[in-house]
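Heavy atoms only: backbone and side chains are in, while hydrogens, waters and symmetry mates are out.
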Amino acid sequence: MPQDPTPAPGPRPGTGAEPQEVHGGHGTSVAAWTATIGVSVGAFLVCLAMIFMWVPVIVVGSVVIVLAAVSGPVLVRAGYGEHVPNREFTGGPRAVR
């Protein structure tokens, strides 16, 4: 069976012309790091305290988790989040969600 001589529309694989996805900062802001590290430390405390049944440490770890989860959005509002000039789709390339 003969092959169709017309190429497929769009960029050819391997030519370096593949469309690129637009990505954000992937959590490289102070707000993201603060929230992530805080939740991780709180979860570690809760896990460790559950093993030895240290109720006060369970409470402390839970409070650390809640404070860390709240600190992320608070720091974003304070200007320590990822700088995104326009979050609306304007017709340009867009990341697949």
Side-chain angles (χ1 to χ4, degrees):
M1 175 175 259
Q3 290 183 346
D4 186 11
T6 57
R12 285 187 265 164
T15 61
E18 290 85 16
Q20 304 253 337
E21 290 184 18
V22 177
H23 294 285
H26 293 288
T28 57
S29 67
V30 173
W33 278 102
T34 302
T36 301
I37 291 171
V39 170
S40 298
V41 168
F44 175 75
L45 286 174
V46 170
C47 290
L48 187 66
M50 287 285 225
I51 292 171
F52 298 107
M53 288 307 299
W54 296 332
V55 176
V57 180
I58 293 173
V59 172
V60 169
S62 300
V63 169
V64 168
I65 290 172
V66 170
L67 289 176
V70 170
S71 73
V74 168
L75 286 172
V76 167
R77 295 257 181 189
Y80 291 100
E82 178 184 348
H83 177 67
V84 179
N86 185 7
R87 290 181 181 231
E88 294 181 19
F89 179 62
T90 58
R94 187 164 136 171
V96 179
R97 295 179 191 214

Restricting to non-hydrogen atoms, name the atom on [X] and the atom on [Y] that form the minimum distance, rounded to 0.1 Å.
X	Y	answer
Ser29	Gly81	CB-C, 3.6 Å
Ala69	Val39	N-CG2, 4.2 Å
Ala35	Gly72	CB-CA, 4.0 Å

- Could you grab the distance from atom CH2 of Trp33 to atom OG of Ser40, nearest 0.5 Å is fine? 9.5 Å
- Query: With clusters built from Ile, Leu, Val, Met, Phe, Trp and Tyr whose side-chain heavy atoms come within less than 4.5 Å, directly or transitively, what are the remaining members of the cluster of Ile65, listed by chain and number?
  - Reply: Val46, Met50, Ile58
- Query: Which ILVMFWY residues can you reach from Val30 by hopping between side chains whose heavy atoms are under 4.5 Å apart?
  - Reply: Leu75, Tyr80
- Message: Among residues at least two apart in sequence or on other chains, which ones pass ring pair (Phe, Tyr, Trp, His ring centres under 6.0 Å) with Trp54?
- Response: Phe52
- Task: Say whether Ile51 and Val57 are linked into one hydrophobic cluster, either directly or through other cluster members, by side-chain heavy-atom distances under 4.5 angstrom.
- Result: yes
- Task: Indicate if Val66 and Val64 have the same hydrophobic cluster label, given that clusters are the connected sets of ILVMFWY residues with side-chain heavy-atom separations under 4.5 angstrom.
- Result: no
- Message: Per the ring pair (Phe, Tyr, Trp, His ring centres under 6.0 Å) rule, what does the pair list look like for residues 59-79, sequence neighbours excluded?
- Response: none
- Query: Who pairs with Val41 by side-chain contact (heavy atoms from CB on, under 4.5 Å), at least two apart in sequence or on another chain?
  - Reply: Ile37, Leu45
